[in-house]
Structures are given as structure tokens and as C-alpha cells.
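Worksheet: one structure, shown below.
Convention: sequence-line order gives letters A, B, ...; per-chain numbering from 1.
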Number of protein chains: 2
Amino acid sequence: MSVQEKKIKYKEDFRSKILAAAKKLFVEEGIEATSIRKIAKVIDISPTTIYLYYKDKRDIVYALHLEGCSLLRTRMEVLMHVDHAFERLKAIGKAYLSFAVTEPGYYELLFMMKEPMQFLDDHRGEDYWEEGDRVFEMLIETIKDCQQEGFFKGMDTQTLSLQAWSTVHGMASLFLSGHLKQLNNLLFSEALEAEFLERTFQLYVSMLERIK
Amino acid sequence: MSVQEKKIKYKEDFRSKILAAAKKLFVEEGIEATSIRKIAKVIDISPTTIYLYYKDKRDIVYALHLEGCSLLRTRMEVLMHVDHAFERLKAIGKAYLSFAVTEPGYYELLFMMKEPMQFLDDHRGEDYWEEGDRVFEMLIETIKDCQQEGFFKGMDTQTLSLQAWSTVHGMASLFLSGHLKQLNNLLFSEALEAEFLERTFQLYVSMLERIK
DNA sequence: AAATATACTTAACACTGTTAATAATTTTAA
DNA sequence: TTAAAATTATTAACAGTGTTAAGTATATTT
């Protein structure tokens, strides 16, 4: 390994070190509480050093966004082996909601925050939402397969994909933002939020089944 | 009017003055760019004076949240006079999405931000999400009426209401967060975001019609 | 060994929300 | 009417934020 290669590798190490520290902080203390200065303190460097490896804070946030994306994609990819398309669709929906519940920080980073999308807007052309698109493509493919199995006849595949995503995202985001909790006063109070998620998802599945 | 009454009125005036300034700022420059100091500058007072009328920033944010709530409620209430229940349901959905598009700042304040819900959490007991519940109740009532017209047989009213809300909220929030925009690369690029909203909504309506 | 480039740090700027201390004003009581 | 008390608003300050410019070591190249 040449000296130059070593330098590049070291630089990459530093980048991932910063990213790891940022991830640790935002998972443990939330995304709001994660500051450049705190990240620097974790790995014991000066706050300004971070700017040698990341352009600005949004750059770090976007890097974490990508990490979360590939984590979700990994979870989704294993489900693509489910033979029966409609079963696969259900599994994808469940996994998506499960991701939101078990990885709330990542979910916010992926689908609720504006910053990562704005970052992409600013870097339009050179970069696009590849990771996100890949996940969405799996949904499109699955719904296409469902249609070949006889489901959703005469419906536009992409529009239905968007509709399905909207539904589960709506559930997940209302849950994470705390709005579902506040509705507990209105709805019968015995049920927990997680049950609401489950019930609403099941109802949606039964709706999809009916329009076979 | 007694002296004391005058004082109370003056105090209320001041509160609404601060609120108006906050609203003006967050509508024009976005919610992120609205700081206590900027609000103070608009009405030409010291930043600390604001703390004499509002406990903290979240208090102001919550006050704006309530304003937005009642604005949405007003828009919804006029639709309650639509006779045919399913037509009313469609009208509510359209109005909801239209609210998100025409009042993005308010929509974020109402359904995307955590702060107002956290504020309610902290003031649990004394206060609850009355304004929000009222809007949701209209949806529940409408779906109940739909069921009496023969729609959605055998489905739980509240769960279906939550499902419907999730769907339109999912669409609205993905639109406002900029995620829909990024998908344009994947989906055919001619269509605009607003068209996607419209198409997805129409598809959802047709789904609901099918499960009559 | 001197010049140059790299890596990192300190100091500083312009912000943020918020509190304590202080000054000005108005209201109440003697 | 005047002195005391309460109200109202202000300035100064604290602790934090993202970020940039200037300075300082260290390492590399000439």
C-alpha cells in the first residue's frame, strides 16, 4: 500500500469515525441534540476539524440518511424472495412499519426531515436519491407482480405504489410525531399506539384484498 | 370598562400582537427562520418582553398550532353540510390536501412537528388536543354516515378513520418534506408533484368505492 | 536544510433560547 | 400629595448553535 493510499484510507477512517460518533449521538439523544461540537467531543477532536471531512452539518446528516437507506434496503431485499407477490407486499408493509418503530431516528432521517432532500436539491444532477429510489422500486416491482397474480386490475402501478407508501408512511409518521398518542383521548383509551398501528395496517391489507 | 379589564384586554392585545408577528414571520420565512429575536424586532420590543406574555417558544408555537387547527376546522365545517356522506368524505379529503398545499406552514405546525404534541404531553390533564380531536371527529362522523349508506360494511369506524387520515397525511407530508419531488427521477418525469397528489388521491377514492 | 503543503487548533462571528438584574413606569396606600 | 409597592419593559449575560478566518504545528517535497 502506497503512502498516498494510506492517506486516503486514513481520511476515510476519519470520515467514518465522525459518522459513527454522529450516529451514536443521534440514536441515543435524538437528532435535535446532535451538534457539531458534541460530535467533536465524542471523538476528542476540535469542532472545526469536522469541516475538513464534511462540508457542513447537512453533509453529515445526508451521510447518515444514506446509511439508514441502505439499512432499510437490506431489510427489504431479503423479503424479495417471498414467492407469493401479495404475501411479499404484506411483508414489505410490515417491515416498513417495523423499521419506523425500531429505528425511529433513522426513519425521521429518511422520510420526515427536509434537510436530506434539500441537500439533494442543491446537488441536483451530480447526485440523486438513488438509495431511496431503489427501495421504492422494490415496492413497484412487488405491486407489478401482484397485478400479474390478478390483484389491482386496471390500476396504475406507480400510482398505487405511491398510494401504498403514503398509507404506511402516514401511519408511521403520525406515530413518531406523537399525534397518534394525542388521539388516544378520543379513541377508546385502552388500546396502545402500537395496537393502532397494527389494526390500521390490517384494515388496509383487508381493503387491498377486497379489491382483488 | 374597569381599569383591570382594560389591563387584561391590553395584555391580550399584546399576546395577539406577538402571535401575529410570529405568524407573519413563519408564513413568509418558514418555521425554522422564526426566532424570538426576530419576532420582537417586528413589533419593535425587546426579545425578553415576549417572555412576559408567553412562557417560552413552544408556548408560541402551540398557540399558532391552535390557530391553524381552528382554520382547518372552519374549512371542514362548511363541508359537513354536504348531504351525500361519501361525497362529503371525498370533499374532506380534497380539502385536507388543499389545506396542506395552500397552508404548508400551518400544515407542518399541525401534523408534522413534534413540539406542539410534546407541549400537550407536558401539560397533560389540564389540557388536551381538543382542536385536533374536533377535526378528527368530523372524519369519524362522516365515515359512520358512509357506513349507514352501505359503504365499508363490517369495518371498524375508528380504524378506518385512522386509515383514511394516514393515507392523506402520508401524501401531504411526503409532498411537503420534498420526498415526492425526489421520486420524480424514478417516476416518469413529465408529471408534476401536484398531479401525483391528485392522481394518488383519485386512486384511493376509487379503492374506497370498490369496497362498497 | 529550506520551502511547501497538509492537518489541526484557537479565536471569533453571528446567531439561537432563556434568565437575572436593573431601570422606568404605573398603581396603590398613607 | 407623597411614599411604597407592584407592574412592565429593558439591558446584560449565559450557554449553546453552525461556521469561517487566521494561526500553528507536523509532515512532505524540493
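The distance between the ring centers of A:F175 and A:F196 does not fall below 6.0 angstrom. Ring centroid separation for the pair B:Y96 and B:F111 comes in under the 6.0 Å cut-off.
Judged by a 6.0 Å distance limit and a 45° cone about the ring axis, B:R15 is positioned over the six-membered ring of B:Y54.
A sub-4.0 Å separation between OP1 or OP2 of D:dA9 and a side-chain N or O of B:Y51 is absent. Close to C:dC8, at under 4.0 Å from its OP1 or OP2, lies a side-chain N or O of A:Y53. Residue A:S35 places at least one side-chain N or O under 4.0 Å from the OP1 or OP2 atom of D:dT17.
Comparing D:dA9, C:dT9, D:dG18 by their nearest atom to the side chain of B:F14 picks out D:dA9.
With rounding to whole Å, A:I36 atom CD1 is found 14 Å from C:dT9 atom P. For the pair B:R37 CZ and D:dA15 C1', the computed distance is 12 Å after rounding to whole Å. Distance A:K41 NZ to C:dT10 P: 12 Å, rounded to the nearest Å. In this entry the distance linking CG of B:L52 with P of D:dT10 reads 9 Å, nearest Å. Look at CD on B:E32: it is 11 Å from P on C:dG17, rounded to the nearest Å. Residue A:F26 contributes atom CZ, which lies 18 Å from atom P of D:dT17 at whole-angstrom precision.
Each of A:K55 and A:K38 was assigned the nucleotide of DNA chain D with the nearest heavy atom; the assignment lying further toward the 5' end belongs to A:K38.
When the local axes at the two ends of the helix from C:dA1-D:dT30 to C:dA30-D:dT1 are compared, using 5 base pairs at each end, they differ in direction by 30° after rounding to 10°.
Put simply, the side chain of A:T48 and the base of C:dT10 share a donor and an acceptor less than 3.5 Å apart.
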